[in-house]
Amino acid sequence: MAELPRASAWDTITLLTDVIIPTLGKGVIIRRPRMVGLAERLGLDSRAVRRMQALRKKYGKGPLITALPGRRQAVLLAPDHVEQVLAGAPEPFSPRTQEKASALSHFEPKNSLISKLPERTVRRAFNESVLEFRCPTHSLADRFCEVVAEETKILLAKCGAELSYDDFFHTWSRLVRRIVLGDGAAEDHELTDMLAKLRRAGNWGFLHPGRPKLRDKFLARLSEHLDRAEDGSLAGIIGKMPKSPEMEPTHQVPQYLFAFDPGGMATFRALAVLATHEQEAARARTEISERPAKDLPFLRACILDSLRLWPTTPAILRETTQDVEFDTGVMPKDTHVLIFAPYFHRDDENLSYAHRFNPDIWLSEKPGGGWPLVPFSGGPAACPARDFVPMIRSAMMADILKGHRLGLKNPERLDPSKDMPGTLDNYSLKLTLEIDR
Ligand code: HEM
């Protein structure tokens with residue numbers, strides 16, 4: 001069987017400087033706002049996509065093996081290889097990679113994403129069951145939409161005519177604690193702060209010595225909230241589930257709390273896009289007037305397209321557990337595999353809509369028509385909240401849009417007649433809200 005193509009030392013350096021370092025620099029476990037702003041100003045994500053396209057031109061469909069010393073690292077360049085790799089989880093393409101294990105161990109060492117078989121199977125099944133994977137509407141949807149409506153009402157009363165990401169995020173964190181742990185956790189800002197500190201350590205992976213005392217304190221506090229098993233929250237569902245010792249709910253739930261962060265970013269970005277895209281905003285308003293908050297397919301599609309344009313998990317990582325045959329050659333065991341989502345989502349050599357806001361693609365039976373649009377990854381290790389989280393976000397968007405005309409300070413940042421920027425710094429976005437009479 002043929003050998004997979006190998007990148008030259010120079011191309012490996014450009015891959016590092018243009019793709020990998022900027023992605024790590026923005027922060028993988030918790031974003032570094034200053035770096036996100038810098039990435040938008042310097043157009044770093046667009047440059048990363050161009051670099052990947054240049055590698056494809058030079059090396060063909062790959063997978064491309066880089067020349068990194070001491071590490072066998074492959075980069076995927078072709079859509080069918082993405083499908084093969086994602087479908088092959090947890091073996092031969094394990095989602096438990098060294099980097100993820102060292103980053104997530106700072107706060108959830110027994111999480112499903114970094115668990116080995118057989119524990120992974122039990123923990124994944126637990127998450128699928130709590131989050132009701134593959135159900136478009138969660139069984140607690142009505143209660144969750146109530147929580148969203150209550151919190152959004154308070155936010156709108158407080159923020160007046162201008163909504164910043166900071167204000168939005170404060171509310172978002174409160175409603176996340178209520179949805180995940182119940183009303184008894186609404187005021188527990190300390191829990192979120194502790195997790196943020198641990199995630200900051202996680203950004204440095206094994207380079208950070210860890211904060212074991214803080215981790216124990218955080219996990220103990222989380223256990224107290226889970227023990228309350230409040231009705232109308234995910235903790236309530238967990239409380240009623242039959243348990244096995246391998247499940248380790250306290251190590252699964254931090255992922256819920258932390259993974260809502262990208263949900264907040266995507267929601268705020270989608271609102272900002274609607275503020276400058278009048279036609280889509282009008283469609284959203286019509287939908288809100290006709291359908292219940294838990295069932296808003298067009299608004300969900302707007303969020304999914306904001307995640308396509310600005311994926312919050314840009315690097316999907318896998319590690320081979322055995323030699324694997326591709327149509328172009330054999331990938332040896334213990335190879336690290338990178339799927340760089342922005343390269344596929346923004347590939348203007350293959351997608352006519354690469355840089356445009358195009359929610360309609362998400363309303364079709366097969367979004368992307370076989371092209372990898374993978375904001376939630378895919379296959380057996382896809383995000384189990386893939387349906388749950390867009391439901392919560394579209395409900396919040398609806399509550400903000402209801403009765404308001406949205407505007408964006410600096411609307412030129414998202415001018416619909418131009419390409420959408422490669423990076424969108426959510427921290428510096430400001431929405432204006434005008435009462436719609
Ligand atoms: C915009 C919001 C979100 C995005 C874009 C997202 C994306 C992803 C992606 C790409 C993965 C796979 C990572 C990998 O393959 O290494 C993942 C895994 C996971 N996500 Fe999400 N996620 C989001 C929100 C959430 C929320 C809110 C929850 C829970 C309430 C959640 C729960 C999980 C869990 C438990 C896993 C691990 C799955 C496994 O072990 O197989 N996610 N998510």
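All ligand and atom numbering here is 1-based and tracks the order in the structure. The first residue of the sequence shown is numbered 1, and numbering continues consecutively from there.
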Practice task
Identify the protein heavy atom lying closest to atom 4 (C) of ligand 1, giving its residue, its atom name and the separation to 0.1 Å.
Solution key: F376 CE2, 3.4 Å

Exercise for the section: Over 60° means perpendicular and under 30° means parallel, so classify the ring planes of F268 and F168, tilted if in between. Expected result: tilted

Practice task
Identify the protein heavy atom lying closest to atom 19 (C) of ligand 1, giving its residue, its atom name and the separation to 0.1 Å.
Solution key: P384 CD, 3.6 Å

Handout entry: R393, portion touching ligand 1 at heavy-atom distance under 4.0 Å
Key = side chain

Exercise for the section: Looking only at distances, please establish whether an N/O atom of ligand 1 is found under 3.5 Å from an N/O atom of Y256. Expected result: no

Problem - R211 to F218 six-membered ring, cation-pi geometry met (6.0 Å, 45°) - result: no

Completion exercise
Closest to atom 38 (C) of ligand 1 among protein heavy atoms sits R124 NH1, 3.3 Å

Problem - Nearest atoms (heavy-atom pairs only) where R413 meets E40 - result: NH2-OE1, 2.9 Å

Problem - Ligand-residue contact atoms, ligand 1 with P375, heavy atoms, under 4.0 Å - result: 5 (C), 7 (C), 10 (C)

Practice task
Say whether K100, considering both its backbone and side-chain N or O atoms, lies within less than 3.5 Å of an N or O atom on ligand 1.
Solution key: yes

Handout entry: ligand 1-proximal atoms of R120, by part, heavy-atom distance under 4.0 Å
Key = side chain

Exercise for the section: Specify side chain, backbone, both or neither for L113, according to which of its non-hydrogen atoms lie closer than 4.0 Å to ligand 1. Expected result: both

Fill in the blank from the handout: Under 4.0 Å from one or more heavy atoms of A385, ligand 1 contributes atoms 25 (C), 26 (C), 28 (C), 29 (C), 31 (C), 42 (N)

Practice task
Just let me know how A259 lines up against ligand 1, side chain, backbone, both or neither, with a heavy-atom cut-off below 4.0 Å.
Solution key: both

Practice task
Just say parallel, tilted or perpendicular for the rings of F144 and H138, cut-offs at 30° and 60°.
Solution key: tilted

Fill in the blank from the handout: When distances are taken from atom 40 (O) of ligand 1, the protein heavy atom at minimum range is S112 OG, 2.5 Å

Practice task
Note the single closest protein heavy atom to atom 42 (N) of ligand 1, along with its residue, its atom name and the distance in Å.
Solution key: C383 SG, 3.1 Å

Practice task
Measure R318 to ligand 1 on non-hydrogen atoms and call it side chain, backbone, both or neither using the 4.0 Å cut-off.
Solution key: side chain

